[in-house]
Protein chains: 8
Amino acid sequence: MNRDQLRGLFEEVRSGRASVEQAVERVRGFFVDDLGFARVDRHRHLRCGFPEVIYAPGKTPEQVVRIAESLLEGGGDRLLVTRADEAVCARVRERFPEAEVHPLARMVTVRRRDAPSSPGGGRVLVVSAGTADLPVAEEAAITASMMDCEVERLPDVGVAGLHRLLQARETLFQARALVVVAGMEGALPSVVAGLVDRPVIAVPTSVGYGASFGGLAPLLGMLNACAPNVAVVNIDNGFGGGYIAGLIAREGAPAR
Amino acid sequence: MNRDQLRGLFEEVRSGRASVEQAVERVRGFFVDDLGFARVDRHRHLRCGFPEVIYAPGKTPEQVVRIAESLLEGGGDRLLVTRADEAVCARVRERFPEAEVHPLARMVTVRRRDAPSSPGGGRVLVVSAGTADLPVAEEAAITASMMDCEVERLPDVGVAGLHRLLQARETLFQARALVVVAGMEGALPSVVAGLVDRPVIAVPTSVGYGASFGGLAPLLGMLNACAPNVAVVNIDNGFGGGYIAGLIAREGAPAR
Amino acid sequence: MNRDQLRGLFEEVRSGRASVEQAVERVRGFFVDDLGFARVDRHRHLRCGFPEVIYAPGKTPEQVVRIAESLLEGGGDRLLVTRADEAVCARVRERFPEAEVHPLARMVTVRRRDAPSSPGGGRVLVVSAGTADLPVAEEAAITASMMDCEVERLPDVGVAGLHRLLQARETLFQARALVVVAGMEGALPSVVAGLVDRPVIAVPTSVGYGASFGGLAPLLGMLNACAPNVAVVNIDNGFGGGYIAGLIAREGAPAR
Amino acid sequence: MNRDQLRGLFEEVRSGRASVEQAVERVRGFFVDDLGFARVDRHRHLRCGFPEVIYAPGKTPEQVVRIAESLLEGGGDRLLVTRADEAVCARVRERFPEAEVHPLARMVTVRRRDAPSSPGGGRVLVVSAGTADLPVAEEAAITASMMDCEVERLPDVGVAGLHRLLQARETLFQARALVVVAGMEGALPSVVAGLVDRPVIAVPTSVGYGASFGGLAPLLGMLNACAPNVAVVNIDNGFGGGYIAGLIAREGAPAR
Amino acid sequence: MNRDQLRGLFEEVRSGRASVEQAVERVRGFFVDDLGFARVDRHRHLRCGFPEVIYAPGKTPEQVVRIAESLLEGGGDRLLVTRADEAVCARVRERFPEAEVHPLARMVTVRRRDAPSSPGGGRVLVVSAGTADLPVAEEAAITASMMDCEVERLPDVGVAGLHRLLQARETLFQARALVVVAGMEGALPSVVAGLVDRPVIAVPTSVGYGASFGGLAPLLGMLNACAPNVAVVNIDNGFGGGYIAGLIAREGAPAR
Amino acid sequence: MNRDQLRGLFEEVRSGRASVEQAVERVRGFFVDDLGFARVDRHRHLRCGFPEVIYAPGKTPEQVVRIAESLLEGGGDRLLVTRADEAVCARVRERFPEAEVHPLARMVTVRRRDAPSSPGGGRVLVVSAGTADLPVAEEAAITASMMDCEVERLPDVGVAGLHRLLQARETLFQARALVVVAGMEGALPSVVAGLVDRPVIAVPTSVGYGASFGGLAPLLGMLNACAPNVAVVNIDNGFGGGYIAGLIAREGAPAR
Amino acid sequence: MNRDQLRGLFEEVRSGRASVEQAVERVRGFFVDDLGFARVDRHRHLRCGFPEVIYAPGKTPEQVVRIAESLLEGGGDRLLVTRADEAVCARVRERFPEAEVHPLARMVTVRRRDAPSSPGGGRVLVVSAGTADLPVAEEAAITASMMDCEVERLPDVGVAGLHRLLQARETLFQARALVVVAGMEGALPSVVAGLVDRPVIAVPTSVGYGASFGGLAPLLGMLNACAPNVAVVNIDNGFGGGYIAGLIAREGAPAR
Amino acid sequence: MNRDQLRGLFEEVRSGRASVEQAVERVRGFFVDDLGFARVDRHRHLRCGFPEVIYAPGKTPEQVVRIAESLLEGGGDRLLVTRADEAVCARVRERFPEAEVHPLARMVTVRRRDAPSSPGGGRVLVVSAGTADLPVAEEAAITASMMDCEVERLPDVGVAGLHRLLQARETLFQARALVVVAGMEGALPSVVAGLVDRPVIAVPTSVGYGASFGGLAPLLGMLNACAPNVAVVNIDNGFGGGYIAGLIAREGAPAR
């Protein structure tokens with residue numbers, strides 16, 4: 001949408017031919033920055049409530065930085081890069097010194113100085129079953145916190161030692177949305193969901209071996225959860241789990 | 001929890017040995033009605049925010065009615081029976097004349113006269129791809145409306161005729177949570193989720209043939225959705241989709 | 001092994017050419033009754049500690065009865081027929097009036113008057129998740145009781161309502177072996193196994209729909225159980241679960 | 001077919017013992033160059049309308065060059081090597097200095113000076129969903145252009161940002177055949193096919209993770225496309241997609 | 001799009017505010033007839049080159065007829081109902097006496113008197129492997145002929161008796177597009193495609209047993225075809241195969 | 001190939017233009033009887049050593065009889081119809097009174113009076129694991145005996161009662177080829193193959209339930225047999241197992 | 001549970017407010033050592049009869065040592081680390097000089113001086129099929145011996161050479177529980193189980209290639225074992241097999 | 001079986017207490033050389049007609065050599081090591097200078113000077129589809145030639161260029177048994193089997209990508225072959241294919 005088109009749109013609004021609502025809608029649809037190798041969706045924030053997130057695999061560090069520049073220069077106040085290896089993290093940090101690297105979660109994030117800093121988006125609880133599930137859980141936690149949610153973590157509470165979970169019952173009750181991360185048999189979401197009255201986003205992980213079949217076992221388990229308040233995202237998709245939990249928690253936040 | 005135990009509990013609360021919070025917690029854990037063939041979880045409403053729902057397959061009409069009685073007599077103000085065939089519906093209606101039968105959704109519901117009737121739970125939109133997906137979509141819609149959500153339906157907007165969906169954009173923007181039901185290739189949730197800033201609960205259906213493999217194709221498609229605001233429930237699980245969307249919409253409702 | 005062969009064997013033993021151990025071994029190997037349509041393994045009791053069990057599907061009622069006769073006339077003191085439909089049950093009962101029919105478990109059993117009646121084989125606990133899992137659980141329970149084990153049942157304690165299971169903790173601790181039967185996500189064995197110090201035999205059931213894929217989901221879940229004291233049998237194989245639990249419980253019985 | 005056999009064939013044609021049609025048929029069947037390690041199908045161009053293409057994996061650079069020589073010396077005017085690594089590309093270029101290397105597409109091509117250069121084969125549009133799908137898309141594009149089709153590319157128009165695709169509607173309408181390349185949920189072909197009246201060749205890619213199962217998810221999605229004008233090739237088979245689209249576009253070209 | 005909207009559009013065109021091209025585009029997007037249970041896409045013919053086709057399963061005969069009415073009254077000159085059982089066929093014929101029933105293909109078709117009758121769309125050849133594949137092959141053949149293509153059939157030429165196929169080589173060469181239908185191992189498309197220089201649309205069927213896994217075997221086989229001119233549609237999807245072959249053949253037709 | 005063509009062929013042979021070998025080859029390729037719904041391969045016996053076999057499913061009794069007539073009138077001396085239901089058997093017998101019906105094997109066979117009757121084709125042993133595997137085993141046995149092999153059966157020797165198999169060791173050693181039929185875990189072929197020095201054709205059956213997945217379990221087991229002399233055919237394919245064992249046994253027969 | 005809590009508990013017991021049983025129960029539930037990255041279940045021994053076992057993959061050597069310290073300092077008298085690479089083994093040994101490394105089994109174990117050393121737990125027999133199955137078998141053997149069972153090994157007795165197994169029949173009869181480890185077709189557990197009257201724990205391995213699909217073939221085979229005394233653990237899960245066999249053997253040990 | 005036992009056996013034969021047949025049987029069962037890490041089956045040749053073959057993966061070069069020594073010193077006149085890497089080949093050759101290394105087939109073989117050298121075992125033809133299938137085909141060829149069969153190779157005759165196969169028809173007719181090796185869609189065995197009257201052993205390969213799923217596609221295709229004379233071995237199992245073809249060809253050899 002070039003300057004002239006934008007001017008024309010405002011003319012229409014001023015003259016009453018287009019309502020404000022209609023103008024917003026039209027703007028929503030067209031902001032794309034064409035980098036040649038990618039069409040950056042700069043106004044995804046406007047349309048979907050959060051800036052486009054950069055999934056790093058298959059992109060060079062340089063490409064990641066150029067997309068990042070397009071997003072932040074297009075008015076974005078924050079940036080999220082997922083599955084980032086060391087080279088990507090280093091290059092992003094070089095370009096944006098305020099960037100923060102999260103090695104466990106394999107992420108790098110940028111939050112502009114003018115971005116709102118106080119968490120106001122409701123509380124998200126990230127529960128995980130075993131130590132090996134931590135990278136995926138951390139990806140979920142950082143994603144939700146980048147959405148301005150208050151995030152709490154409850155790690156290593158697998159179902160074979162139920163008392164560890166039961167001791168934390170109060171913590172469970174305080175969240176508006178829960179992300180439950182588990183590999184192996186993936187039973188944790190069912191158990192957690194039976195204890196709370198909030199939505200549980202289940203994230204199966206590829207932690208396991210043999211008949212886990214790369215995470216198929218917990219994925220199927222979670223899809224068949226006997227508790228009705230469980231919905232599932234892709235194997236190892238901590239980002240998706242944190243994102244949708246963040247959206248839910250924001251819904252329920254008092255001052256949004 | 002018998003009368004004496006309950007009296008004891010209240011004594012503890014009165015004397016300060018137990019706080020009110022603690023008392024609620026203890027009550028939450030123990031209300032089970034043992035019918036011999038089933039242990040009815042009468043206080044699931046208290047614990048999880050909605051009464052236990054009766055999944056009819058594998059139960060006789062008589063068993064369904066007896067569980068229903070236990071739930072409604074245990075203080076429940078509403079009842080939901082899913083996948084109910086004609087015999088079950090008839091028997092429930094005979095016992096509870098106020099019951100409502102929903103043939104397309106294969107459900108029967110009861111809402112006690114004293115149950116709150118005005119929808120206050122936020123708006124849920126149930127989008128579906130084809131005519132054959134309607135039973136699953138309707139199951140989702142009725143479930144969400146039993147949770148006091150305002151429910152709107154947008155049927156037959158499959159991705160091969162995109163204009164049908166785009167025309168309804170305004171409708172999409174007004175929901176707090178969306179349920180998107182699709183069989184075949186299951187592409188609709190990705191497309192819808194890219195247009196909105198709310199959580200999308202995707203329900204794959206077994207509608208299709210051949211390489212659909214009983215709904216595996218749309219299930220995998222939805223789990224791999226490139227839009228991050230999509231979470232998935234089991235194939236044909238309209239109830240689950242409506243339930244979790246209802247929970248989300250209630251979060252965001254102004255007066256809860 | 002005909003009478004003459006048997007006499008010859010005893011001659012060898014008496015003369016010292018064969019030791020008693022060797023004689024037992026030879027007898028163990030050869031007792032087969034050839035009915036034309038089946039080779040009945042009459043001395044399976046001697047070799048494997050329990051008489052051959054008749055799996056009814058694919059056999060006519062008449063064939064079942066003839067195999068039953070061969071087994072009981074071959075010295076067996078009890079009989080177990082699994083997956084028996086009404087016709088099979090009726091025919092067996094007609095032939096053996098002392099037979100007992102178990103409709104829920106789809107079994108018919110015979111216990112000869114001279115069979116030991118007091119349960120001395122250690123306690124087996126059969127835990128099950130939902131009402132629809134009861135037929136499989138009952139098959140396990142009856143099998144173990146036919147092995148002279150003391151059998152207790154703990155039905156309808158699915159993981160989405162954990163308090164039902166936790167209330168029965170004492171019961172869990174009293175069993176020498178546990179059979180845990182569950183469909184849907186199949187999480188119950190992991191949870192139970194984390195609470196006890198005895199072997200847990202997990203039986204996945206085909207109860208469920210969609211991404212259960214006929215019981216694949218709970219099967220994979222149980223195989224990936226994070227508790228180490230879980231071993232798994234085939235989907236819906238209540239007989240196998242009860243049988244192996246019975247063997248284990250007999251091991252631990254004080255007076256065997 | 002040696003010179004004498006060929007002469008004999010022409011004699012038959014001249015004398016009328018064989019019709020021209022018959023002669024063409026006989027020639028079609030027999031031109032094979034036996035290299036020992038491969039039987040090069042030199043007259044595939046005559047039979048199938050395009051020279052045999054060299055799939056490089058499992059062949060040494062030397063073997064590739066020898067097959068290439070056989071094809072080009074056998075009268076071919078162009079050459080296509082797919083999935084070529086650097087060593088193969090270098091060796092081919094050394095032998096045929098006019099060779100062109102396409103690193104993104106992992107291809108090397110040769111076009112003899114006497115090969116027709118003007119694209120006359122109808123327009124093929126190669127649409128792709130994400131940046132990571134580009135190598136497969138490029139393989140399709142180069143293949144179609146080697147078939148003398150006019151090729152246009154429309155990259156990075158995944159369904160989660162539908163406006164990017166809708167803006168390019170005019171481009172979609174101008175193609176005689178479309179190749180649509182997508183990983184993840186593979187929804188793009190359905191959406192594109194619903195907008196056009198031309199054949200869409202869908203190419204699923206292995207881009208994705210977890211429940212993508214190496215491209216199974218988009219493959220199944222595309223096979224279940226609700227638009228009828230979609231046909232599918234193997235996962236990551238950009239060459240196949242471009243080839244069949246090229247055949248189709250040539251059909252519709254005005255001057256062939 | 002009602003009469004007034006249409007008039008307004010034409011006003012815009014006349015006055016030059018909208019170009020003819022723009023007007024066509026706007027009309028293309030909006031013609032939907034909302035029947036309550038379905039949104040009939042009446043102008044699919046304009047957008048996609050062929051009227052919407054009615055897939056009968058899951059629809060009542062009455063619903064099929066009402067959609068058919070909407071399509072034919074909306075200006076359509078022909079109608080295609082697939083997977084139609086006897087009741088649907090009878091009801092359609094009752095309403096449209098000119099309807100033609102095709103029992104083998106399980107279809108019913110209507111061709112309005114004013115529809116062009118001479119086949120001008122290029123020749124489509126439908127090849128099939130065995131007698132049991134005939135229903136799917138016939139569905140393809142009738143679909144292509146409804147698209148005004150000249151259709152030829154070559155049945156029962158499975159690869160285990162290759163001479164049957166080789167004898168028909170001339171027939172193979174005359175088609176602009178081929179549909180090849182096969183169950184079992186699904187090898188026929190590879191063999192056919194190696195003989196011709198036209199696009200081959202492969203249709204796997206569920207004919208077979210055991211390790212065919214409902215058509216998975218031929219589906220995978222066809223996707224891995226070593227001939228590059230093969231693209232694949234869903235199992236048993238004769239309609240899709242015929243449709244896309246029809247589109248291709250029309251491209252190549254001299255006078256379209 | 002009509003009379004004139006045949007005469008022409010013989011003329012060529014007499015004049016030396018065609019060698020005898022060439023003439024045989026040409027005859028081999030062309031004998032097909034086109035019934036409209038099927039192209040009967042009448043000279044399959046000449047080409048492949050056994051007449052074409054009629055697989056009944058999907059054919060009407062009348063169609064089966066017409067193909068049978070074509071085969072027997074085309075010079076065949078025997079006929080095999082597999083998977084024949086009662087109606088097919090009855091109709092074949094009505095038309096060919098000498099037909100023999102095999103209910104257990106679901107086959108009907110015809111052997112012309114002039115067919116050689118003495119088994120001279122070497123001995124085939126058909127081993128099977130359980131009673132439920134008998135129909136498949138019998139299909140194999142009858143197929144091999146129709147190929148003039150001497151056939152012996154060894155039923156009900158499953159691996160859980162190994163002594164039944166070991167007692168029959170002598171029988172195992174006398175066969176030139178063995179067919180081993182088993183469902184459940186499919187372990188029998190490995191065990192048998194380790195005892196003999198002849199080829200073992202393994203036939204997995206769909207006997208079993210749950211994790212048998214319709215015969216997938218024994219199929220995979222047999223393909224992974226640790227004995228090298230095992231080759232496998234499709235699930236429940238008794239005909240294929242008997243056929244290939246018959247071919248092998250004929251090879252080794254002294255006077256063929 | 002700190003010292004004060006423990007003192008309070010004992011006070012309750014002494015005063016009679018809590019029974020001894022209740023006290024044991026409360027202690028059982030709460031002993032967790034929170035290391036930040038892990039919640040060590042120090043009293044698993046008390047609850048489940050064996051200390052928590054450390055599964056090394058995904059943990060640094062340092063993390064393994066810290067968990068080990070927590071367990072051993074928490075009163076444990078032995079330690080088991082599975083799937084330990086060289087770095088983990090070295091680091092554990094450095095910290096606990098009495099540690100024993102088992103390279104074939106990829107384990108490192110510690111047994112405190114005060115741990116009971118005489119095997120009193122009944123005999124476990126570990127049977128394995130081939131040389132490549134030895135690492136998994138050894139993992140089972142060491143696990144059972146760490147549970148104070150007497151362990152015997154019977155390697156390389158695959159079913160293709162049955163005599164090797166039959167020669168060892170006496171050994172089979174002496175075990176209270178058997179672990180049977182096999183890859184390829186996984187037939188060994190069925191064969192062994194048919195010979196004994198004790199529970200058989202089957203461990204499928206990923207040994208094999210092609211249609212083994214990473215151990216799926218033996219896994220399915222073992223789940224479908226026709227002998228009823230077989231239960232199965234995950235692919236390559238030697239630890240689980242040894243653990244559950246150890247539990248069973250302990251049950252049957254005379255002096256426990 | 002030590003010298004004394006053997007002497008005793010011969011005494012029994014001489015005295016008539018044991019027949020020659022019985023003596024052979026007893027010898028057959030007991031010859032095992034226990035190396036500690038392996039129980040070498042030295043008399044497999046006697047029992048199964050060919051010496052035990054060494055599958056190298058998972059064995060050290062030293063272990064391979066020790067097993068080889070045991071086999072050759074135990075009276076074997078030839079040796080076959082499969083899937084041998086360079087280290088294994090070098091070590092075997094160092095120990096047995098007469099060893100022959102086959103790099104393409106990844107085998108090393110030894111043939112003692114006293115082994116019969118003239119091929120007398122009937123002709124085996126090894127057909128393969130593409131260049132990448134050659135290693136598997138070569139493994140089959142060398143295996144069959146080690147069984148004294150005359151072996152011919154027909155490489156690179158994939159079904160997409162049928163004329164290459166048809167030109168070699170004479171070669172096909174001359175074999176007693178055929179091994180057909182193919183990856184991709186695996187159609188070649190069906191086509192070959194339809195042309196010959198001998199058994200065809202089909203070997204699927206993992207050559208391919210995407211929807212080949214590691215060879216699943218050709219495996220399923222071959223199992224569903226519409227020609228009845230096809231039996232299948234494991235993916236990439238050239239050894240098994242050659243072995244069973246060798247057994248078959250030996251059966252049919254005139255002087256055996």
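Small disclaimer: the values here were computed from a predicted structure and weren't measured. The analysis underlying the following values was restricted to heavy atoms, covering all of them including side chains, and did not include hydrogens, waters or symmetry mates. Numbered from 1 within each chain, the chains take letters A, B, ... in sequence-line order.
Nearest heavy-atom pair, F:Ala217 versus G:Asn224, reported as atom, atom and distance to 0.1 Å: CB-ND2, 3.3 Å.
Counting heavy-atom pairs closer than 4.5 Å to chain G, the top-ranked of the candidates F:Ser212, F:Gly183, F:Ala129 is F:Ser212. Taking chain F as the reference chain and counting heavy-atom pairs below 4.5 Å, the highest number among G:Ala187, G:Gly208, G:Gly158, G:Ala211 is found for G:Ala211. The candidate with the highest count of non-hydrogen atom pairs below 4.5 Å against chain F, out of G:Val192, G:Leu216, G:Val191, G:Leu223, is G:Val191.
In this structure, F:His163 NE2 and G:Leu166 CG are separated by 12.0 Å, a value rounded to the nearest 0.5 Å. From G:Arg169, atom CZ reaches atom CG of F:Leu162 across 8.0 Å, with rounding to the nearest 0.5 Å. Separation of atoms CE (G:Met184) and CG (F:Leu220) is listed at 13.0 Å; rounding is to 0.5 Å.
When heavy atoms are compared at a cutoff of 4.5 Å, G:Phe213 approaches chain F solely by way of its side chain, counted from C-beta outward. Interface remark: F:Leu219 contributes no atoms to any contact with chain G (heavy atom separation under 4.5 Å). For chain F, no part of G:Leu188 is nearby; none of its heavy atoms comes within less than 4.5 Å.
With sequence neighbours excluded, the residues forming a side chain to side chain contact (heavy atoms under 4.5 Å, CB included) with F:Pro103 are F:Val101, listed by chain and number.
Between F:Val159 and G:Val159, every side-chain heavy-atom pair lies at or beyond the 4.5 Å cut-off.
Within a 6.0 Å radius of CD in F:Glu86, other residues, nucleotides and ligands contribute 12 heavy atoms or fewer.
Evaluated for a side chain to side chain contact (heavy atoms under 4.5 Å, CB included) with G:Glu185, the options F:Pro218, F:Pro189, F:Cys226 yield exactly one hit, F:Cys226.
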